[in-house]
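Inspection log for the structure reproduced underneath, given as structure tokens.
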Amino acid sequence: MAERAKYWANPTPELRAQYESAFAPETIKGQYLTGEKPGPVGPDGYSLDIAHTTESGYAQRQDDLIFDYQTNVALYPQFQDHVRQYQPEILAAWGKNDPSFIYPGAPRS
């Protein structure tokens with residue numbers, strides 16, 4: 001998160017370029033397959049995601065989303081306060097081996 005915060009504070013073209021590896025086919029496949037037993041995850045999802053990387057402006061749009069994610073992070077305290085106050089029913093599916101949304105974030109605190 002520290003690297004993202006550095007990028008958010010000073011979004012230079014060089015820092016922006018460091019996220020281009022996120023759009024590589026092997027990285028995309030890894031988002032689907034990391035932590036899974038070989039076999040149960042079919043290629044449909046990651047193949048479609050990889051196909052989209054060839055669209056004009058794809059990298060720019062994805063970079064914009066990565067940059068804008070800071071808005072979500074800044075709002076985390078408000079989201080958490082809302083859930084604590086109103087205690088809505090929430091069903092969240094969380095992959096124990098997900099490389100992005102790590103397991104320690106799943107258990108209720």
From Arg61 atom CZ to Ile66 atom CD1, the distance as rounded to the nearest 0.5 Å: 13.0 Å
Euclidean distance, Gln85 CD relative to Gln80 CD, rounded to 0.5 Å: 14.0 Å
Heavy-atom closest pair, residues Ile50 and Pro25: CD1-O, 3.7 Å
Transitive ILVMFWY side-chain link Phe67 to Leu75, under 4.5 Å: yes
Separation of Glu20 CD from Thr27 OG1 (nearest 0.5 Å): 11.5 Å
Tyr19 and Tyr7 aromatic ring geometry - parallel, tilted or perpendicular at 30°/60° bounds: tilted
Thr54 side chain vs Ala51 backbone, donor-acceptor pair below 3.5 Å: yes
Carboxylate-amine/guanidinium contact Asp81 Arg84, below 4.0 Å: yes
Qualifying side-chain hydrogen bond (donor to acceptor under 3.5 Å, both in side chains) pairs, either residue in residues 43-53, two or more places apart: Tyr32-Asp49, His52-Glu55
Aromatic plane relationship, Trp8 with Tyr69 - under 30° parallel, 30 to 60° tilted, over 60° perpendicular: tilted
Glu89 side, atom CD; Leu91 side, atom CG - distance, nearest 0.5 Å: 10.0 Å
Crowding at OH, Tyr76 (>12 non-hydrogen neighbours, <6.0 Å): yes
Hydrophobic cluster identity match, Leu15 and Leu65, side-chain contacts under 4.5 Å: no
Arg16 with Asp64: basic N within carboxylate O range, under 4.0 Å: yes
